[in-house]
Amino acid sequence: PLQNLHLISRSIHHPYYPSSKFQRPPLRISIQLFSSLNRLPLRKTKLLNVKYGYQFHRNFWLARLASRLLKLRYLILGSAVGGGYTAKKTYDQWKDMMPDLDEYKWIVPDFIWELDEHIDFEKLIKAIPDADELAKLLPDFDKIGESFTSLKGLFSPGSPGETAFRATDQGYDNDKQYKKVITILQNLSLKYQRMLERLEKENKELRKLVLQRDDKGIHQRKLKKSLIDMYSEVLDILSDYDASYNTQDHLPRVVVVGDQSAGKTSVLEMIAQARIFPRGSGEMMTRSPVKVTLSEGPHHVALFKDSSREFDLTKEEDLAALRHEIEIRMRNSVKEGCTVSTETISLSVKGPGLQRMVLVDLPGVISTVTSGMAPDTKETIFSISKAYMQNPNAIILCIQDGSVDAERSIVTDLVSQMDPQGKRTIFVLTKVDLAEKNVASPSRIQQIIEGKLFPMKALGYFAVVTGKGNSSESIESIKEYEEEFFQNSKLLKTCMLKAHQVTTKNLSLAVSDCFWKMVRESVEQQADAFKATRFNLETEWKNNYPRLRELDRNELFEKAKNEILDEVISLTQVTPKHWEEILQKTLWERVSTHVIENIYLPAAQTMNSGTFNTTVDIKLKQWTDKQLPNKAVEVAWETLQEEFSRFMTEQKGKEHDDIFDKLKQAVKEESIKRHKWNERAEDSLRVIQHNALEDRSISDKQQWDAAIHFMEETLQSRLKDTESVIEDMVGPDWKKRWLYWIGRTKEQNIRNETKNELEKLIKCNEEHAAYLANDEVTTVRKNLEARGITVDPCLIKDTWHQIYRRYFLKTALNHCNLCRRGFYYYQRHFVDSELECNDIVLFWRIQRMLAITANTLRQQLTNTEVRRLEKNVKEVLEDFAEDNEKKVKLLTGKRVQLAEDLSKIFLKYSQILLLQSWTWIV
């Protein structure tokens, strides 16, 4: 707001010279203005060409001056007409040379084309001063002209040989007239400054109204992101990209560096127009880089990159919560044993009137490591600062504390190393109010702002005031204090500082202009770099995988997901016959040992059929109540797992892709882990099995023959196992000994002799019981000792168990052959017949129970469990899809990594191209 105040005062400031012989050379003054209306520096304007000293004129100088002013009007009018024609012709030529941008019309948000429907431009035109009001300002311009004429008269002689300033008689009058002119100029400057502020305020309110209407939904289609938001996202993506392909991020951002407690955070808060950062007196508060994206919006809000919560910056409680959240994130990012972190916190701030740019606040540079800090804190801060400043397109915002001696600064040397030519550095001197009070020589501040005190060079130098040092001050109060200070500051009144070099408002405008200029220049370079990288990656892919599509990790996961779901659906296509055959076979393998050892063999040792049936019924009832349903459910669950694994792991010829094997295995294991069988299945299955085992009625000869066949297969399998055990006990027979030259061991010879003695005992009594009596054991032992073989009684009993088992199984198989013709006697309940086939009925009951159980389990599998397993698989796949670490762990290999790099580079190249289009259009 002070820039117009000192436009003229700088030009007319001069000392008083009484001597008439001294002449100063011509001084041409050019002033660069900034305005928030256009946000671009205005064209440099030559205000006046003031000459000091004597000028000799002849008489009638007033007439000559009037004639020259009239000529000047005609020249201006003629130049305006001719310049307008030339500008129109140049514009038409330029318009013809421009390419057709209709294809890129979609890039511009829809509300731009619909502004005339929702904004009353007539009302806006009425708000602009009309010609009559502008005409009222002409007397003011006349007064300015008169002031200049009077000012010129101060330096003009009244007659030849006389001076304009006489130290004796006219000194007091000239000084009084000079002060009067200065007062008039200051009043006019303040008047137009207030008018400019009013227009800027109306413009700001109008922009806010447009944004609010758009925010409420002027159009139905969702708005695209703003340029600065998209640019910030590109920076975030590029920061995560692997730099192994020489595609380092060289896009511009404003890097804020400075000594600790130099006022970096305060400058950022003034630019963001909110007290958003945690504060501390002398304590290190910035412990990690904070990337702040500033953009314009209808409401003053802030939000983090990884969170959807919006903090209303107009409310003090939200500001406190935001500062607390930033502090927590900083402390969480710092690893144990460290003081600062390299992890970047991304924050977006939107609000009306904010300058669009991306700033990165870095930890303050320190000179000494204090107690409580990690020993490498100083080096870590230096490395972080250098990492951000070494970007050739980064704008370095160097913050220097003006209240301390310049010689104590560390950051200026660091910035000079990274940018020795000062082509991308902007120097900011903070706490100028304290500096003006404390510094004995004000010219020292002028030397700093002019870049003569420090060895570093910079694009521009600015002086700002960021408050009185009270953390509870609001942004508005700080602005008022800053404006009031510079209005009354001697630094401006004595022209030590220029108006456009003061206040944070001018600083933010200058930084924003420099930022977007660098963006336009660097985006094209980045696009070329990414294009070259993309070509190299595509060439490598074609050479290594010429027949495969370029699928990144997410696309491969989706492909694997579809294959897995297809394989799960294949479980529903398994035929009922296949399910029942597998279930019946597996269940019998699991329970056959129990049936033979604990039910059939004990019952077969009884003397009559009545005792046999009673023993079988009791043992079957106990088995059904305690073990059988549980075993059946286990068998069904294992069968489902095996079938699921078979579909998941079987190769499909040339279409099989082994890159999915690890993922499929993980999905299978996790799905099986989550699956739980229905708890009520055992209760219902127990009733069904109990009823099936109670049925003893064989309806036809086919079922009878099937039971005999089932019994024979079972007994033959057991007999084969028993023969194998006996062979291991007694060693190879004489054929193997002669053919393969295999001999028996000493223990095997003893076992063989014991076996021969026990076989003689069975031949003598074919109806011998299953157990040896003690006297029989003694007899066998003495017979062996008579032949010089010492045998332990336990060895005799152990050998007897296998010998008798083999004899019993052979006898049972012979009995099966006899019962093939026993179905007729069974129908007559074996009346008038010595043949008893109760063991056939037992095996028929077992066989029927297995068939009914398999059918029940098959129905439960197909109707319930397969669908529940499919649901579990879908849930596991959804969980894996959200877990990027899991996908990286399960989908690995050179092919995946190369496709991932191709996908990332293509995405970044597309965004860079879109960003390039935006920058040129905007």
Side-chain angles (χ1 to χ4, degrees), residues 577-606 612 615-616 619-620 623-624 627-628 631-632 634-636 638-639 642 689 692-693 698 702-733 735-736 751 755 758-759 762 766 768 770 798-823 836-855 857:
K577 181 179 179 182
H578 180 74
W579 278 118
E580 292 182 10
E581 288 178 353
I582 295 177
L583 289 169
Q584 187 171 349
K585 179 181 178 182
T586 308
L587 181 60
W588 175 240
E589 291 175 354
R590 189 67 57 84
V591 302
S592 60
T593 301
H594 181 82
V595 170
I596 298 298
E597 303 295 336
N598 298 329
I599 298 177
Y600 174 62
L601 290 179
Q605 304 302 319
T606 57
F612 178 89
T615 304
V616 166
K619 291 186 176 296
L620 287 177
W623 182 45
T624 306
Q627 300 180 10
L628 183 57
K631 290 288 184 182
E634 289 181 0
V635 167
E638 292 176 2
T639 303
E642 291 175 359
Q689 290 173 338
L693 290 173
I698 303 176
Q702 185 177 0
Q703 294 181 1
W704 180 270
D705 293 340
I708 293 175
H709 180 70
F710 175 60
M711 181 177 176
E712 285 182 341
E713 285 185 347
T714 303
L715 295 179
Q716 286 176 357
S717 175
R718 296 293 167 177
L719 179 60
K720 185 177 180 180
D721 295 339
T722 304
E723 292 283 359
S724 177
V725 172
I726 294 175
E727 184 177 355
D728 293 337
M729 291 173 60
V730 302
D733 56 5
K735 291 182 179 180
K736 291 182 179 180
R751 292 268 189 180
K755 183 199 75 167
L758 293 175
E759 287 177 347
I762 292 177
E766 294 181 353
H768 198 284
D798 186 35
T799 307
W800 167 256
H801 177 72
Q802 299 299 329
I803 298 301
Y804 182 81
R805 183 185 181 86
R806 182 178 64 178
Y807 168 74
F808 174 81
L809 292 174
K810 289 182 178 180
T811 305
L813 285 172
N814 293 331
H815 184 67
C816 285
N817 291 327
L818 295 176
C819 288
R820 290 184 183 278
R821 299 182 300 272
F823 181 70
E836 294 182 357
C837 298
N838 294 314
D839 49 355
I840 304 298
V841 177
L842 170 62
F843 277 90
W844 179 82
R845 294 167 67 183
I846 298 295
Q847 186 182 31
R848 186 168 180 273
M849 181 273 298
L850 293 174
I852 294 176
T853 301
N855 180 268
L857 293 174

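The structure displayed is predicted, hence computed values, not measured ones. Reckoned from all heavy atoms, side chains included, excluding hydrogens, waters and symmetry mates.
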Backbone of [Y] reached by a side-chain donor or acceptor of [X] within 3.5 Å:
X: Trp704; Y: Cys819; answer: yes
X: Asn814; Y: Asn817; answer: no
X: Trp844; Y: Ile708; answer: no

Measuring from atom [atom1] of [X] to atom [atom2] of [Y], what distance do you get when rounded to the nearest 0.5 angstrom?
X: Ile846; Y: Trp623; atom1: CD1; atom2: CH2; result: 5.0 Å
X: Arg820; Y: Leu818; atom1: CZ; atom2: CG; result: 10.5 Å
X: Thr799; Y: Lys755; atom1: OG1; atom2: NZ; result: 10.5 Å
X: Arg590; Y: Leu587; atom1: CZ; atom2: CG; result: 8.5 Å
X: Leu628; Y: Leu620; atom1: CG; atom2: CG; result: 9.5 Å
X: Ile599; Y: Thr615; atom1: CD1; atom2: OG1; result: 11.0 Å

Taking all atoms of both residues into account, what is the closest heavy-atom pair of [X] and [Y], and its distance?
X: Tyr600; Y: Ala812; answer: OH-CB, 3.6 Å
X: Lys619; Y: Pro602; answer: CE-CB, 4.0 Å
X: Leu857; Y: Ala632; answer: CD1-O, 3.4 Å

May I ask you to check whether over 12 heavy atoms, not counting those of [X], lie within 6.0 Å of atom [atom1]?
X: Glu589; atom1: CD; answer: yes
X: Lys631; atom1: NZ; answer: no
X: His578; atom1: NE2; answer: yes

Test side chain to side chain contact (heavy atoms under 4.5 Å, CB included) on Trp588 and Thr714 and set out the steps.
-> CA-CA 10 Å; Trp588 175 240; Thr714 303; 3.6 Å; yes
Flag side-chain contact, heavy atom, 4.5 Å: [X] against [Y]:
X: Ile840; Y: Met711; answer: yes
X: Arg845; Y: Met849; answer: no
X: Tyr807; Y: Glu766; answer: yes
X: Gln847; Y: His709; answer: no
X: Arg751; Y: Gln802; answer: no

Can you find a side-chain donor-acceptor pair between Gln689 and Thr624 that sits under 3.5 Å?
-> no
Enumerate donor-acceptor pairs with a distance under 3.5 Å from any side-chain N or O in residues 717-725 to protein atoms, sequence neighbours excluded.
residue	atom	partner	partner atom	Å
Arg718	NH2	Ser592	OG	2.8
Arg718	NH2	Thr593	OG1	3.3
Thr722	OG1	Arg718	O	2.8
Thr722	OG1	Arg805	NE	3.3

Specify whether Tyr804 and Phe808 have parallel, tilted or perpendicular ring planes, treating 30° as the upper limit for parallel and 60° as the lower limit for perpendicular.
->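 The arrangement is parallel - the two ring planes meet at less than 30°.
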The single option from Val591, Ile582, Thr586 passing side-chain contact (heavy atoms from CB on, under 4.5 Å) against Val635 = Thr586
